[in-house]
Amino acid sequence: MPASYAYLGPEGTFTEVALRTLPEAATRELIPYVSVQSALDAVRAGEAEAAFVPIENSVEGGITTTLDELVAGAPLMIYREVLLSITFALLVRPGTKLSDIKTVSAHPAAQPQVRNWLKSNLPDAHWESAASNADAARLVQEGQYDAAFAGEFAAARYGLQALETGIHDAENAQTRFVLVGRPARPAAPTGADKTSVVLWQRDDHPGGLRDLLGEFATRGINLMLLQSRPTGAGIGNYCFCIDAEGHISDRRVSEALMGLKRICLEVRFLGSYPRAGVSVRDVSAPRPGTSDEEFVSAADWVARCQDGRS
Ligand SMILES: O=C(O)C(=O)Cc1ccccc1
């Protein structure tokens, strides 16, 4: 197994900064890839042990290229997540003034975080999407665009200067990144975990989504992400990406997954992994009737009834 992690590059992305906060990254070779797809394909092909990619931001929601890659193709699993607070710098070639800027570039997920700033400061600038914010900086260095929204730290790497820093339409904007590998046994529960799944409904019927969500609700499981993605099979055809609180080894979570497996056309397990920035102290106790002990004693009671020992 190659001891390398692929990540959304090139060098100088927020993704790289977030990846370097993981202790295990220090012992791996970190290899930049030009896109989320190519980083994940490197894992599927066995060229990299895992890939680190953005998956969600607090302003715009899910990063759809990442979700779509996890939903389709050879199965992958999430092993870790990292949250990073993001503000942008406007990077330009040295000497460029605000009035010189006709084209600006960044990753599409950056646009909703800088839209108001652009409207107030560069209302006539033309937006060009790039494969990542650092790639936009690289393209500014090459002269293809006039300015890039990227991390201030990317300026030195691409010989650029920050004309403005601290750009963020929304206070406390955070981006969530995940470390994705080939399917294997999930890490042991920490007590502050999250479980990700993708669900495909068996048939379209009134209350179909409520039925899926009911499997979590009746077991006292809180949801942290619900994003529908088109299946590609026609208008109105969606699958649901869900993050739920807890670990697959928690009885309430495994029972909910069994319930979903029975009623869904397909369930893809995307992993159980520690929640970033949350410690066991911050996690509320299971709702009454949903602890492991209560599930075990209820199962024992049924077994006794079946044996005539109730
Ligand atoms: O990591 C980067 O620099 C990216 O291009 C992905 C991204 C996009 C928007 C906010 C944070 C990360």
Side-chain angles (χ1 to χ4, degrees), residues 5-22 25 28 30-43 48 50-70 78 80-92 103-118 127-142 144-145 147-160 162 164-180 225 227 276-277:
Y5 286 167
Y7 70 92
L8 173 65
E11 281 172 35
T13 51
F14 288 109
T15 309
E16 183 189 355
V17 170
L19 172 56
R20 289 187 187 279
T21 66
L22 286 178
R28 305 296 200 287
L30 308 183
I31 305 177
Y33 279 75
V34 293
S35 64
V36 167
Q37 285 100 327
S38 57
L40 295 176
D41 280 347
V43 178
F52 194 74
V53 292
I55 192 165
E56 180 185 359
N57 75 62
S58 58
V59 179
E60 190 73 346
I63 310 252
T64 49
T65 32
T66 304
L67 292 175
D68 291 349
E69 278 292 319
L70 296 178
I78 301 171
R80 298 278 255 141
E81 68 170 9
V82 173
L83 289 176
L84 191 72
S85 296
I86 305 265
T87 68
F88 292 90
L90 186 72
L91 304 186
V92 294
T103 50
V104 293
S105 182
H107 186 277
Q111 198 177 25
Q113 301 181 49
V114 301
R115 199 176 278 140
N116 295 341
W117 187 92
L118 265 179
W127 176 276
E128 299 279 354
S129 285
S132 72
N133 302 309
D135 201 44
R138 188 184 63 79
L139 292 167
V140 171
Q141 180 186 39
E142 284 185 359
Q144 201 158 322
Y145 305 126
F149 290 102
E152 193 180 352
F153 43 82
R157 171 69 186 74
Y158 294 99
L160 302 177
E164 186 97 31
T165 58
I167 301 172
H168 56 283
D169 288 359
E171 275 314 315
N172 308 320
Q174 285 190 311
T175 299
R176 189 163 71 88
F177 301 84
V178 285
L179 184 69
V180 176
L225 173 97
Q227 178 124 16

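In what follows, residues are counted from 1 in the order of the sequence shown. Everything numeric in this text was worked out from a predicted model, so none of it was measured. Note that ligands are numbered from 1 as they come in the structure, with each ligand's atoms numbered from 1 the same way.
Under the 30°/60° scheme for interplanar angles, the aromatic rings of Phe88 and Phe149 are found to stand perpendicular.
Of all the heavy atoms in Leu8 and Val36, the pair that sits closest is CD1-N, 3.8 Å. Counting all heavy atoms, side chain and backbone alike, Gln113 lies closest to Ala173 at OE1-CB, 3.8 Å.
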Review point. Going through the distances and angles, do Tyr7 and Tyr33 end up as a ring pair (Phe, Tyr, Trp, His ring centres under 6.0 Å)?
Key: CA-CA 6 Å; Tyr7 70 92; Tyr33 279 75; 8.3 Å; no

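A donor-acceptor pair is defined here as one N or O able to donate and one able to accept, closer than 3.5 Å; no such pair exists between the side chain of Glu69 and the backbone of Thr65.
The distance between the ring centers of Phe153 and Phe14 falls below 6.0 angstrom.
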Filter the ligand 1-protein atom pairs down to N or O on both sides and distance under 3.5 Å, then list them.
from, atom 1, to, atom 2, distance (Å)
ligand 1, 1 (O), Phe14, N, 3.2
ligand 1, 1 (O), Thr15, N, 2.8
ligand 1, 1 (O), Thr15, OG1, 2.6
ligand 1, 3 (O), Phe14, N, 3.0
ligand 1, 3 (O), Asn133, ND2, 3.0
ligand 1, 5 (O), Asn133, N, 2.8
ligand 1, 5 (O), Asn133, ND2, 3.0

